[in-house]
Every structure is written in structure tokens, then in C-alpha cells.
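These notes concern the structure reproduced below.
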Amino acid sequence: MISLLPCYIHKLLKRKMKYPHKEIEQKWQKYWETKKVYETDLTDIGKKLYTLVMFIYPSGAKLHIGHWYNYAPTDSWARFKKLKGFNVFEPMGYDAFGLPAENYAIKTGVHPQDSTLKNIEDIRKQLKAMGCMYDWKAELMTCVPEYYKWNQWLFLQMYKQGLAYRKKAPVNWCPSCKTVLANEQVQTDGTCERCGTAVTREDLTQWFFRITKYADDLLDGLKKIDWPEKTKIMQTNWIGKSYGTEVKFKVDGSDEIITVFTTRPDTLFGVTYMVLAPEHELVEKLTTPEHKEEVRKYIESVKRLSEIERTSTTKEKTGVPIGAYAINPMNGEKVPIWIADYVLATYGTGSVMAVPGHDERDFEFAKKFGLPVKKVILEPGTKPEDELKEAYVEPGIMINSGEFNGMRSEEAIQKITEYLEEKRLGKRTVNYRLRDWLISRQRYWGTPIPIVYCEKCGEVAVPEEDLPVELPYEVDFKHDGGSPLASNPGFVNTTCPRCGGKAKREVDTMDTFVDSSWYYLRYLDPHYENGMFDEELANKWVPVDMYVGGAEHATMHLLYARFVHKFLKDLGLVNSDEPFQKLIHQGTITNMGAKMSKSKGNVVNPDDFVEQYGSDVFRMYLMFMGPYELGGDWSDKGIVGIDRFVQRVYNLFLNNKEIKKNAPSHGSYNLNDLDNAAKAVYRKVNQTVAKFDKELENFRFNTAVALLMELLNELTKNLEKVEDSIKTYALERFAVLLSSVAPHLGEECWALLGNDKSLFEEPVWFEADKNALTEDEVTIVVQVNGKVRAKVKLPVDTDESTVKETVWKENNVKAHTEGKTVVKEIYVKNKIYNIVVK
RNA sequence: GCGAGAGUGGCGGAAUUGGUAGACGCGCUAGAUUUAGGAUCUAGUAUCCGUAGGAUGUGGGGGUUCGAGUCCCCCCUCUCGCACCA
């Protein structure tokens with residue numbers, strides 16, 4: 001027994017305490033929850049700060065690394081702000097309606113409501129294990145009547161103002177999801193944003209929100225918000241405002257008029273044919289009998305093409321003439337009318353004047369079909385008789401254009417437009433690329449549209465007092481070729497609110513982007529019953545100060561939310577112009593170069609890492625990976641580095657347990673009273689505080705974590721050498737900085753020092769001592785002709801003559817200047833001394 | 001095609017009012033320590049040549065400057081967004 005004792009003691013001394021992450025993280029999570037540390041007092045708006053991440057779309061899978069990467073660093077920023085004295089509101093919720101739950105139901109038979117609620121429960125557990133400071137009393141989900149009732153109310157307000165309307169239109173149809181999609185939900189390659197199936201075009205009667213009415217407001221608002229430039233550019237392009245002229249072309253031998261939109265009225269004299277989109281309403285009317293068959297065939301062939309094929313720029317141009325002719329309003333020339341699918345029915349007027357000489361597409365088309373090319377704009381440095389080898393699209397001098405000859409084309413644009421306006425043949429106009437927002441979906445798991453169709457009265461809005469129109473539980477999701485809601489007679493059959501007669505309910509549901517376009521307002525009081533949201537709170541807390549989410553929402557959610565917000569402002573419900581004042585996009589985390597997805601089988605489960613290393617290590621590792629906006633490819637290679645850091649920090653604080661009680665720190669120290677080790681520690685601590693503040697403020701988490709590591713290295717080296725009160729000074733500050741990026745560990749360390757109150761319960765922040773930010777001595781780099789030849793250490797702010805004297809004593813400087821003429825000497829204070837020799 | 005961003009050691013990445021390139025971490029090398037360790041500690045680590053020291057070096061090529069990863073011009077590669085918008 002006795003012989004074993006020394007060994008035992010030896011072991012105890014040598015072995016360090018392993019950081020019990022599980023125990024400590026659970027302890028603090030429980031503490032925060034029971035003490036309601038993160039419940040925000042929304043009545044206190046002195047230093048209000050609304051931080052938000054895009055809420056979760058519980059698509060069947062649990063939280064993955066991407067969610068963590070989005071939420072954890074943002075939470076660290078929020079905590080940093082809380083420590084600095086802000087009244088931070090950070091809520092979390094669930095964007096719970098949507099296709100994935102319904103598709104899952106079709107596959108497995110599990111009702112979307114059951115799977116979604118179960119899923120949310122799992123996710124909530126994961127969220128709590130992350131240890132973010134979410135205010136759980138503000139938690140919301142969109143699939144409950146208390147929430148979606150207000151989607152319906154919003155719809156009714158739009159309806160009243162004529163901003164919600166129904167029309168038959170060619171729409172994007174996903175054959176796999178069996179629903180229509182908004183333009184924004186069709187990907188660049190013409191596939192469905194959710195399932196990747198090629199989207200087709202169908203003519204269907206659908207509900208729209210008139211977002212186009214807000215096109216200019218949406219553009220103007222971009223100037224006032226602090227968003228990534230790239231996102232603003234994307235929205236600007238998506239709205240696609242362009243100034244131009246509408247020109248009326250008479251159809252030869254008919255009363256019909258073809259109106260075209262052009263940004264280049266200066267090329268009007270160069271029109272050699274006209275093109276209508278195959279879907280254009282005049283096509284049938286104007287087609288001459290001998291062309292009917294060919295035109296019909298062409299329209300059929302276009303319909304068969306997928307959106308991808310049709311809009312591909314590399315596709316060869318196709319088209320057929322319809323036999324009719326139009327009259328050029330400028331010169332009375334008769335030009336043939338064609339239809340071709342390179343003209344889009346959805347942009348401008350769905351018809352164009354073709355100027356092959358000065359438009360690349362028209363040029364290509366004209367060459368293929370042997371149509372004439374007419375030159376009306378002269379390229380500087382060329383002759384009028386030179387043949388056009390390709391379309392000349394830049395400005396130039398007007399030729400072959402009657403009275404406008406000799407004008408510069410920029411001037412001619414104005415003059416010709418004036419001429420047209422005078423003759424009532426056209427007018428200045430503005431055109432947008434933006435289309436109205438198609439909000440109806442032929443799916444079950446969404447908000448029912450509050451409309452009934454009465455046999456007598458027709459389309460009737462459900463009165464506000466009858467809301468919500470509840471989504472019935474019993475339906476056949478597999479209902480083929482239409483809305484599943486139609487399968488429930490109890491839902492469909494109703495009475496007309498106007499006449500009391502027989503009526504049928506609208507069976508389509510709303511796009512889930514309606515739900516997410518105003519949820520940030522609902523968080524302020526998710527159970528509010530007197531309206532969509534608490535207006536008083538909204539006027540105090542909105543706009544959201546910091547919004548963090550994926551860049552993929554640039555032209556969807558982020559545009560819709562701005563639109564709805566502006567509409568709500570016009571209703572008088574909010575006083576702010578914009579919903580999100582500052583926006584940051586987190587980068588994407590890929591795995592082996594590919595986006596993580598279930599189907600690829602490359603999803604990395606964060607739970608395993610949390611289990612092994614703890615939440616703090618995992619979130620700090622994500623922050624340390626690189627710049628937040630960049631994301632990156634996943635690798636767990638370096639996570640041990642963060643783990644080591646945490647172990648070392650924990651042991652450092654264990655070794656100085658309760659130190660604050662015996663040796664409290666002073667507010668600041670005079671550098672002259674400190675010895676070298678104390679000075680070094682004191683300086684490093686204060687420099688770290690100052691830099692950390694700046695880095696975290698700007699979402700530069702990777703460098704913020706690096707700063708803490710540097711500080712730890714300094715403390716490891718010198719802390720043992722300094723007196724206890726300075727140790728306390730250093731460790732207090734270290735714990736506070738740490739607690740924003742590693743909240744559990746930070747709290748634990750703060751408590752170890754001898755503090756009774758939780759840091760987040762009573763936030764503490766230390767400002768840096770400005771006197772300690774600079775060093776006594778600086779290293780001045782000595783260069784000869786820009787190459788480093790020596791380094792001299794001198795007291796900071798040494799006068800130039802002394803620096804010069806010291807520099808010239810350096811042997812290496814002498815060696816490199818010997819026998820050469822000094823041209824000049826440049827001194828950059830405290831940094832560089834450069835000698836230029838010849 | 002148009003628009004935006006990026007290219008730095010073996011790896012992730014630091015550094016921009018132009019002023020010591022490679023912070024911090026991983027990995028690697030050597031040593032110490034431990035019953036053992038994939039634990040911990042210490043030192044080293046851009047490349048090439050060397051004894052001090054020197055040469056080269058931020059995708060490639062030019063330029064401006066005493067001085068360029070950083071500014072300007074041309075080119076290459078990658079990523080993202082838009083894509084027949086009249």
C-alpha cells in the first residue's frame with residue numbers, strides 16, 4: 001500500500017483535469033433556462049438590438065452543419081452585443097409548411113402535421129444543445145392556425161386593394177411536385193428549386209400578388225439598407241427596370257395594332273420585320289389562312305420544349321412568318337410579321353420590332369431566314385457602304401433615317417420619341433423584368449386561400465371575422481392532378497358568406513414564402529390575438545438590426561419580405577420602410593466539394609462532434625475555419641486544435657480558482673509600476689480586448705478566435721510571473737471575451753474566478769486601457785533599395801536623427817551602401833527606414 | 001455572353017489609408033516527460049544555397065513607386081449569380 005502512494009500522488013500532480021464538457025454545458029444550459037436569462041424585456045428599447053437568423057425549414061432532416069454554421073457564429077455576435085450592454089432579442093422558429101413534409105407523407109403515409117411536429121421537437125432539442133441565447137417564449141411555427149390565420153388576413157388586405165388577383169397565365173409547372181412555381185423558384189437551368197425536375201409551361205388560372213406595383217419602391221429602398229452589394233445588384237437586376245419607348249405598328253389591311261417596347265427607337269428606320277411571341281394574343285387573329293397550318297405546328301413544337309431548351313442562348317433561332325404585314329410608323333414601309341420563340345411573351349409587350357443591323361439576335365435570325373439587313377447607325381470610323389458583318393449595337397451617327405440623318409443616336413432616341421409622342425404613335429415608358437408573384441400552390445401542406453366560389457355571386461372573399469379557414473386534417477395527399485384539399489368534401493362545400501347559397505372553397509394553398517415574409521414581426525408576440533402582430537412593439541423593434549441567412553434567398557424570401565413590409569407600411573401597420581437594416585450571408589459549407597444533401601449521402605452530422613468535443617469546441621471550430629461569408633469545404637482535421645485550446649484554458653482557470661476573492665483587480669494599472677512580465681501580460685490583454693471588439697463587431701470570427709489563442713499563449717508564458725491582482729485582471733477579461741465565442745466555457749471560467757452571477761445574467765464588458773495598446777520599443781526595419789538589411793530596436797517615437805544615426809551604424813547597412821551614392825532616405829515613423837543608393 | 005467575387009506554405013487561412021508576407025491553428029521534425037498513450041510540454045517548420053549571410057517567393061505577364069499580396073493594364077483558372085429582357 002505505502003509503496004503505491006507516491007505513484008498515486010505523482011499521477012495526480014502530473015495529470016491535468018480533462019474539461020468535462022458534457023457536464024458543464026448541461027449545467028449552464030439548465031441555469032440559463034431556469035433563470036430565464038435570455039428572455040428579452042421588449043418594453044426596454046433604450047439599447048435595443050434585434051438579431052435574427054432565417055428560421056428553420058424543417059424539411060424532414062435534422063439540423064446539419066450548415067445550420068450550425070449559420071446559427072452559432074450569429075449567436076456569438078449576439079452574445080458579444082449583450083455583454084456590451086445591448087438589450088438583445090434573438091428569437092428562433094420554424095418555417096413549418098412546405099413540400100418536403102407533404103412529399104414525405106405521400107411516400108410513407110405519415111401525416112405532414114405529425115411528421116412536422118415530431119421533427120420540430122427533435123430540432124428544438126438540438127437547438128437547445130447548441131446553447132444559443134434564443135428567447136424561447138418568442139418561439140413560433142407557421143403551420144398553426146394562430147399563425148397562418150394572419151397569412152389569410154394579409155391575403156384579404158391585398159385582395160381588397162386589388163393586389164391579390166386571379167388570372168389565367170402561362171405558369172411554371174413542376175410535374176414531380178405537381179404544383180406551380182413562382183418565377184423565383186425556377187432555377188437557372190429551368191428546374192424546380194425543390195426537387196430538380198425540369199419545369200414545364202402550362203396555362204392555368206392562379207392567384208398572384210401584385211409585387212410589380214412596388215417595383216420602384218423596392219428599388220429605392222435598396223439605397224437605404226446595409227446589405228451586401230452583390231445581393232442588392234441581384235435584386236436590382238431581378239426587378240430589371242429599363243427606360244424605353246412604346247411604338248405602335250399598324251397591321252396592314254387590319255385595324256389591329258402591334259405595340260412594341262424598345263430601348264432603341266433610334267433604330268426604327270432599320271426595322272425589316274416584326275416578331276410576336278408564339279403565345280401573343282394577336283397571332284391567331286393575324287395569321288393568314290395559307291399560314292395557319294405552319295403556325296399551328298410551330299406553336300406546338302415550342303410548347304414541347306422545356307424552359308431550359310427554349311431559353312438557351314446557344315440554341316439556333318427558329319420561327320415562321322404568319323403572312324401578315326405591319327407598317328413602320330416612321331417611313332410607312334411594309335414589313336413581314338413572324339412568330340419566334342426568342343421573343344418572350346412575359347417581357348415587354350410580347351412583341352418586338354426587329355432591327356437586324358443593330359441587334360445581335362435579330363441579325364442572327366435575319367441571316368438564317370434571308371431577311372434584309374438595313375444599316376441605320378454608322379459606326380465611327382466606317383463608311384455607310386461598308387457591309388455589316390455583324391450587328392452594330394453601339395451608338396453612332398444616324399443614316400438612312402430621313403430627317404434624323406446626321407444626328408448622334410443618343411440624341412435621336414430623344415427626338416424620335418418626341419416625334420412619336422407628337423403623332424400619337426408611341427410614348428416614353430418604363431419596363432420591368434419583375435413579374436407578379438404567383439402565390440397559389442396545388443398542395444396540401446400550406447395556408448388555405450380564404451376565397452369561396454359561389455354559384456350566384458362568383459368569387460367571394462371570406463370575411464375577416466370568419467378567419468382562420470382551417471386546414472383540415474383529413475385529406476388524400478396522393479390526390480392526383482390537383483389540389484389535395486379538393487378530396488375533402490367537408491372542407492370544399494360551404495356556404496357563400498354573401499348570399500348564404502351553395503359555394504365551394506378555393507382548394508389551393510399559399511406559397512410558403514408568404515409565411516416567411518412577415519415572421520420577424522410575429523416573433524415580438526407570437527400569440528398576439530388582436531392582429532397580425534403587435535404594432536406598438538413592431539414600431540419599436542423593427543427593422544431587424546442584423547439579419548443573417550443564405551445568399552440563395554436574394555431574389556426570393558428577401559424580395560418578398562421587403563414587398564410585404566412595404567405593403568404593411570402602406571396599411572399603416574409598421575412605421576419602417578424596410579424589414580432588415582443590415583444583412584449578412586453566411587457562406588456555404590460543402591463536403592468534398594459538393595453541397596451537402598441526403599441524396600448525395602454526404603451530410604455531416606453535427607451531433608457526433610458535439611457529443612465528442614462539446615458545443616463550444618464545435619462552434620468555435622466552425623468560426624475558426626475561415627471568413628464567415630466564404631464558407632468552405634468541411635474537414636474535421638483541425639478540430640483537435642480547438643479542443644486543445646479549450647483544455648488549456650480550462651486548466652489555466654482551474655489553477656487560478658477563486659483568485660478574484662483574494663486578489664481583486666484594479667480598474668487599470670500604470671505601466672511604469674509593472675515589471676517586464678506584468679507589462680507584457682497587461683499589454684497583451686488590452687490589445688486583445690481592443691482587437692477582439694473590432695473583429696467580432698464585423699463578423700470576423702476566425703481572427704477573433706485566433707486573438708484568444710494568442711492571448712492564451714502569452715498567459716501561458718508569463719502569467720505565473722505576475723502578481724495575483726494582475727492575474728485576476730487578465731483572467732477576468734479573458735473569460736468575458738471567451739464567453740461570446742464559447743458561452744458555456746466562458747461562464748464556467750467566469751464562475752471559477754469567484755463570481756457569483758452568470759455573465760449573461762449580469763453582462764460585463766471591459767474596455768481596453770488605451771495607454772497599454774502601444775509598446776515601449778519598436779522594431780524599425782532598415783531597407784536598402786527596398787530590401788530588408790537590418791532591424792533596429794528603438795524606443796517608440798524616437799526622433800529621426802537618432803534613428804538615422806543608429807541605422808548607419810549597422811554593419812549590414814554599411815556593406816550594402818559602400819561605394820554607392822545615397823540618392824535619398826525615407827523614414828516612416830516607427831516602421832521603416834529605407835536608404836536608396838545608386 | 002454579362003455581372004460579382006476569389007487565386008498566398010504540405011493544409012485551413014492571417015496581413016490592404018502601399019511599409020518586416022505567412023498571425024492563429026492543423027500537419028510534420030526533433031527533444032523532454034509519462035507504466036503506456038492517438039495525452040502533455042519545449043523548440044523548429046515558405047523555397048533554394050550557405051558559416052556569418054544571400055537569392056527567390058502571394059495564378060501568369062507588364063506598369064506606377066524609395067517600397068506592391070495590396071494600386072493600374074493585359075491574360076489564365078475557379079466559384080457564385082443572371083442569362084435571347086428587345
Side-chain angles (χ1 to χ4, degrees), chain A residues 7 10-11 14-16 18 188-189 228-231 233-234 236-238 240-242 244 260-264 267 275 310-315 317 340-344 346-355 358-362 364-365 431-434 551-552 554-555 585 587-588 590 593 621 624-627 629-633 635-642 644-645 647-648 651 700 702-713 716 779-791 811-812 815-816 823-837:
Chain A
C7 173
H10 191 70
K11 256 189 181 175
K14 277 288 172 190
R15 180 169 282 177
K16 298 202 172 170
K18 175 96 179 129
T188 312
D189 63 354
E229 217 37 55
K230 187 184 165 139
T231 310
I233 289 170
M234 278 171 71
T236 304
N237 293 343
W238 190 261
K241 183 175 187 174
S242 65
V260 299
F261 171 76
T262 178
T263 54
R264 292 294 302 274
T267 63
V275 190
R310 177 157 171 194
T311 57
S312 160
T313 43
T314 52
K315 177 181 156 268
K317 301 251 175 312
D341 66 356
Y342 80 91
V343 172
L344 308 172
T346 50
Y347 183 77
T349 60
S351 50
V352 302
M353 58 181 223
V355 186
H358 306 286
D359 182 282
E360 285 163 12
R361 296 151 298 176
D362 297 344
E364 192 194 324
F365 192 83
N431 208 357
Y432 299 92
R433 211 193 82 118
L434 184 70
E552 67 274 17
T555 52
H585 297 303
T588 313
T590 53
Y621 180 58
F624 192 58
M625 274 178 68
E629 278 97 335
L630 242 60
D633 204 45
S635 156
D636 58 8
K637 261 174 68 183
I639 197 167
V640 292
I642 302 288
R644 280 176 204 155
F645 169 77
Q647 303 297 336
R648 287 172 63 204
N651 279 296
R700 289 193 290 259
N702 53 333
T703 46
V705 172
L707 283 169
L708 296 183
M709 289 172 169
E710 276 188 63
L711 179 58
L712 177 65
N713 291 343
T716 309
T779 305
I780 292 167
V781 174
V782 186
Q783 301 181 329
V784 177
N785 286 350
K787 292 199 190 283
V788 180
R789 296 304 177 188
K791 288 170 189 180
N811 286 334
N812 212 24
H816 282 92
V823 181
K824 65 170 148 176
E825 292 171 58
I826 295 138
Y827 177 54
V828 182
K829 202 173 162 191
N830 296 329
K831 272 186 182 159
I832 292 260
Y833 197 94
N834 192 8
I835 302 162
V836 186
V837 295

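A note on names: the letters A, B, ... follow the listed sequences, proteins ahead of strands, and every chain is numbered from 1.
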query: Who passes side chain to side chain donor-acceptor pair (under 3.5 Å) against A:Y432, sequence neighbours left out?
result: A:D216
query: For atom P, what is the distance between B:rC49 and B:rG1, given to the nearest Å?
result: 44 Å
- prompt: From B:rC84, B:rA86, B:rC82, pick the nucleotide closest to the side chain of A:D341?
  reply: B:rC84
message: Under 3.5 Å for both donor-acceptor distances, Watson-Crick or wobble: does B:rA83 have a partner, and if so which one?
response: none
message: At 4.0 Å (heavy atoms only), tell me whether A:V355 reaches a base, stays on the sugar-phosphate, or touches nothing.
response: nothing
message: Taking any heavy-atom pair under 4.0 Å as a contact, classify A:H585: base, sugar-phosphate, or nothing.
response: nothing
Contact under 4.0 Å: A:N237 side-chain N or O vs B:rC85 OP1/OP2: no
- line: In whole angstroms, the gap separating P of B:rG12 from CD of A:E629 amounts to 19 Å
statement: Taken to the nearest whole Å, CZ/A:R644 to C1'/B:rA39 is 10 Å
- request: Could you state the atom-to-atom distance from OH of A:Y621 to C1' of B:rC24 in whole Å?
  value: 13 Å
query: How is A:V352 classified with respect to the nucleic acid when contacts are heavy atoms under 4.0 Å: base, sugar-phosphate, or nothing?
result: base
- request: Kindly write out the residues that satisfy salt bridge (Lys or Arg N to Asp or Glu O under 4.0 Å) with A:R361, not counting sequence neighbours, or none if the list is empty.
  value: A:D359
query: Out of curiosity, A:I835 CD1 to A:H816 NE2, how far, rounded to the nearest 0.5 Å?
result: 11.5 Å
message: Among residues at least two apart in sequence or on other chains, which ones pass salt bridge (Lys or Arg N to Asp or Glu O under 4.0 Å) with A:R789?
response: none
- request: Under the side chain to side chain donor-acceptor pair (under 3.5 Å) rule, collect the residues that match up with A:D362, sequence neighbours excluded.
  value: A:Y342
Pairing residues for A:D633 by the side chain to side chain donor-acceptor pair (under 3.5 Å) criterion, not counting sequence neighbours: A:T590
- prompt: Paired with B:rA21: which nucleotide, if any, by Watson-Crick or G-U wobble criteria at under 3.5 Å for both distances?
  reply: none
- request: For A:E710, enumerate each residue passing the salt bridge (Lys or Arg N to Asp or Glu O under 4.0 Å) test, keeping only those at least two apart in sequence or located in another chain.
  value: A:K684
message: Tell me the interatomic distance from A:E552, atom CD, to B:rG81, atom P, rounded to whole angstroms.
response: 9 Å
- request: Could you check how far CD1 of A:I826 sits from P of B:rG67, rounded to whole Å?
  value: 8 Å
- prompt: If pairing requires Watson-Crick or G-U wobble contacts with both distances under 3.5 Å, which nucleotide is the partner of B:rU29?
  reply: B:rA43
- prompt: To the nearest angstrom, how far is A:R433 atom CZ from B:rC85 atom P?
  reply: 11 Å
statement: From NZ of A:K230 across to P of B:rU79 the rounded distance in Å is 13 Å
Can you check nucleotides 13-18 of chain B for protein contacts, nitrogen or oxygen pairs under 3.5 Å, and list what you find?
unit_1, atom_1, unit_2, atom_2, d
B:rA14, OP1, A:N702, ND2, 2.9

query: With sugar-phosphate meaning primed atoms plus P, OP1 and OP2, does A:D362 contact a base, only sugar-phosphate, or nothing at under 4.0 Å between heavy atoms?
result: nothing
- line: The side chain to side chain donor-acceptor pair (under 3.5 Å) partners of A:S351 (sequence neighbours excluded) come to A:T349
- prompt: Picking from B:rC66, B:rC84, B:rA86, which would you name as closest to the side chain of A:K824?
  reply: B:rC66
- request: Kindly state which residues belonging to residues 781-789 of chain A come within less than 4.0 angstrom of RNA chain B, counting heavy atoms of the residue only, listed by number.
  value: A:V781, A:Q783, A:K787, A:R789
- request: Would you mind reading off the distance between A:F645 atom CZ and B:rG12 atom C1', rounded to a whole angstrom?
  value: 17 Å
- prompt: Is the glycosidic angle of B:rG38 within 90° of 0, making it syn, or outside that range, making it anti?
  reply: anti
